[in-house]
Amino acid sequence: MNAKLLGLLAACLMCAALSARAEATLYAALGERAGIAGLAEDLVGRLKSDSRTKVFFKDTNAKNLAEQLRDQVCAVVGGPCVYEGATMAKSHADLGIGMADYLAVVELLQDAMDAKHLPFSVQNDVLARLAPMYRDIVTR
Ligand code: HEM
């Protein structure tokens, strides 16, 4: 193997190690599974009481939604959880969610993370990982 290829391989390995470390750090920064569970419960309380979002969640079982959110966020931040709920497209398909509704939910998630005194870098990382779901959730 020539030196250039060896250098590239070393860089790749370092990259993989660094990104695995970033994942572990984010999961830890959120307080692992228990911290994420607390965050999800807080968020569901906000979703059910905020004037912009409560209409969507009026018939929702809070405990069940909090558990689904916990598993999903835990998995998305690299934690050892498996999300077994419905896909984002399927669970939001008939809800008629618009951009303003989506932004309201994001704001409530930020409020829930603020309440736990999570640093902005951690908050931004969580939001960045959830952002790609936007296209499956917003349907109008
Ligand atoms: C990044 C944004 C979002 C994420 C990660 C997310 C995640 C989830 C998850 C994991 C579920 C559970 C699915 C299941 O039970 O199988 C769910 C259900 C639901 N979501 Fe979202 N969601 C997001 C945005 C929104 C928005 C913007 C709204 C409306 C304003 C919304 C309204 C709902 C409703 C009404 C349910 C069904 C709850 C029930 O079963 O009664 N979601 N969401």
Side-chain angles (χ1 to χ4, degrees):
M1 201 181 295
N2 68 30
K4 209 167 160 189
L5 209 64
L6 210 69
L8 207 70
L9 188 71
C12 282
L13 287 175
M14 227 161 79
C15 231
L18 279 178
S19 87
R21 220 179 96 202
E23 292 258 288
T25 314
L26 182 59
Y27 175 62
L30 291 170
E32 302 194 339
R33 197 166 182 272
I36 296 168
L39 187 66
E41 278 165 28
D42 182 352
L43 174 60
V44 171
R46 291 171 197 267
L47 292 171
K48 270 189 162 288
S49 56
D50 189 276
S51 60
R52 298 164 298 174
T53 54
K54 63 183 178 191
V55 59
F56 289 96
F57 296 94
K58 62 182 189 326
D59 300 323
T60 295
N61 178 311
K63 187 169 174 282
N64 177 63
L65 181 61
E67 285 171 4
Q68 299 298 339
L69 282 170
R70 173 202 65 203
D71 288 350
Q72 192 196 41
V73 172
C74 173
V76 157
V77 300
C81 308
V82 180
Y83 171 64
E84 289 176 332
T87 63
M88 289 300 95
K90 190 158 183 233
S91 51
H92 298 90
D94 302 327
L95 298 175
I97 296 170
M99 166 81 102
D101 308 318
Y102 182 84
L103 292 176
V105 169
V106 169
E107 202 179 297
L108 294 175
L109 173 57
Q110 283 174 312
D111 291 346
M113 292 194 287
D114 273 344
K116 302 256 179 275
H117 306 293
L118 293 170
F120 282 130
S121 58
V122 168
Q123 298 195 18
N124 284 339
D125 205 344
V126 171
L127 294 176
R129 286 161 194 253
L130 296 177
M133 297 171 189
Y134 166 90
R135 57 178 169 266
D136 288 334
I137 291 171
V138 174
T139 53
R140 69 171 173 87

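What you see below is based on every heavy atom in this structure, not just the backbone, and it leaves out hydrogens, waters and symmetry mates.
Across all their heavy atoms, Leu47 and Thr53 have their closest contact at O-OG1, 2.8 Å. In terms of heavy atoms, Val77 sits closest to Arg129 at CA-NH1, 3.9 Å. Across all their heavy atoms, Ile97 and Tyr102 have their closest contact at CG2-N, 4.2 Å. Asp101 and Gly96 get closest at one heavy-atom pair: OD2-O, 4.0 Å. Among all heavy-atom pairs drawn from Ala29 and Val122, the shortest one is CB-CG2, 3.7 Å. The minimum heavy-atom distance linking Arg70 with Ala40 is given by the pair N-CB, 3.9 Å.
With rounding to the nearest 0.5 Å, the separation of CD in Glu67 from CD in Gln72 is 14.0 Å. A distance of 11.5 Å separates CD of Gln110 from CG of Leu118, quoted to the nearest 0.5 Å.
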Side chain to side chain contact (heavy atoms under 4.5 Å, CB included) between Ile137 and Val105, worked out
CA-CA 11 Å; Ile137 291 171; Val105 169; over 6 Å; no
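Clustering ILVMFWY residues whenever any of their side-chain heavy atoms sit less than 4.5 angstrom apart, transitively, puts Leu39 in a cluster other than the one holding Phe120. Val76 and Val82 are not part of a single hydrophobic cluster, where members link through side-chain heavy atoms under 4.5 Å apart. In terms of hydrophobic clustering, with Ile, Leu, Val, Met, Phe, Trp and Tyr side chains grouped at heavy-atom distances under 4.5 Å, Phe56 and Met99 are assigned to a common cluster.
Counting only heavy atoms from C-beta outward, the side chains of Leu108 and Leu43 approach each other to under 4.5 Å. Looking at heavy atoms from C-beta onward, Thr87 lies out of side-chain contact with His92 at the 4.5 angstrom threshold. Arg52 is listed as a side-chain neighbour of Glu107, based on a closest heavy-atom distance under 4.5 Å. No side-chain heavy atom of Tyr83 sits under 4.5 Å from any side-chain heavy atom of Leu69.
Ala62 pairs by the side chain to side chain contact (heavy atoms under 4.5 Å, CB included) definition with Val44, Lys48, not counting sequence neighbours. Qualifying side chain to side chain contact (heavy atoms under 4.5 Å, CB included) partners for Asp42, counting only residues two or more places apart in sequence or in other chains: Arg46, Ala112, Ala115, Lys116. Qualifying side chain to side chain contact (heavy atoms under 4.5 Å, CB included) partners for Ser91, counting only residues two or more places apart in sequence or in other chains: Ala86, Met88.
Although no hydrogens or angles enter the test, the distance criterion places no donor-acceptor pair under 3.5 Å between the side chain of Tyr27 and the main chain of Ala75.
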